[in-house]
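Computation of the quantities below employed the complete heavy-atom set of this structure, encompassing side-chain atoms and omitting hydrogens, waters and symmetry-equivalent molecules. Both ligands and their constituent atoms are indexed starting at 1 by order of listing.
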Amino acid sequence: MKIFLDTANVNEIKKACDMGMVDGVTTNPSLVAKEKKDFKKLIKEICNIVKAPVSAEVISLEESGMIKEAIELSKISEHVVVKIPFTLDGLKATRKLKEKNINVNMTLIFSLNQALLACKAGARYISPFVGRLDDIGYNGFDLAIDCQNLIDNYGYDCEVIAASIRNPNHVITAINNGIDISTLPYSILEQMMKHPLTDIGIEKFLSDWKKSQN
Ligand code: E4P
């Protein structure tokens with residue numbers, strides 16, 4: 001499974017890249033706003049670090065504005081993937097951007113019907129938001145798994161990004177269900193590495209070793 005980092009924080013991205021674990025990055029307007037940096041410069045900086053797909057989201061809600069912003073964003077780097085929210089205008093923009101060979105990550109997917117329409121419009125990635133569905137009492141992963149089946153069954157040139165991941169168990173569910181990509185906050189990548197028995201095991205090996213040296 002590919003691991004994307006769901007952040008616009010350069011320090012986190014550098015740390016995760018040092019681990020060799022980053023297959024891409026997703027940002028959104030909320031994540032970018034936290035960084036208080038110029039948007040395009042920030043996306044360029046991230047692309048230069050990861051050299052892999054970096055999602056940057058448009059702000060416009062109308063088709064023409066989305067396309068204009070997408071073209072501008074795509075000029076920043078070959079790695080930019082334009083994030084377009086799921087709306088009718090978003091679908092129309094996605095179709096036109098596909099014709100221009102600009103990769104789209106269709107975001108805010110909350111139903112399988114939306115996922116099908118995004119695939120048919122030519123989205124390169126679809127992002128079902130697992131955690132936000134969990135928040136309102138659904139099983140968010142049911143949708144992510146349905147999206148994966150949709151793509152696998154019909155052969156769309158599209159990958160599922162399980163988004164809005166909130167805990168390491170979400171990642172395990174993604175792995176067990178063959179989800180293409182999970183996009184994770186840095187804190188979850190850190191949590192994935194930890195196990196108390198690993199720490200206890202290291203401590204025991206070292207103390208046994210030290211005893212044998214006396
Ligand atoms: C995905 O691309 C989004 O940036 C992100 O996963 C949203 O997660 P949240 O629901 O924790 O804000």
Practice task
Go through the steps for I13 and C17 under the test side-chain contact (heavy atoms from CB on, under 4.5 Å), then give the verdict.
Solution key: CA-CA 6 Å; I13 292 167; C17 284; 4.1 Å; yes
Problem - Protein residues that have a heavy atom under 4.0 Å from any atom of ligand 1, sorted by chain and number - result: D6, T26, N28, K83, F129, R132, A163, S164, R166
Exercise for the section: Under the side chain to side chain contact (heavy atoms under 4.5 Å, CB included) rule, collect the residues that match up with N153, sequence neighbours excluded. Expected result: N149
Practice task
Kindly write out the residues that satisfy side chain to side chain contact (heavy atoms under 4.5 Å, CB included) with D134, not counting sequence neighbours, or none if the list is empty.
Solution key: V130, N139, H170
Handout entry: Under the side chain to side chain contact (heavy atoms under 4.5 Å, CB included) test, residues paired with I172 that sit two or more places apart
Key = N169, N176
Practice task
Indicate the atoms forming the closest heavy-atom contact of C158 with I151, along with that distance.
Solution key: O-CG2, 3.2 Å
Handout entry: Check: Q148/N177 side-chain N/O donor and acceptor closer than 3.5 Å
Key = no
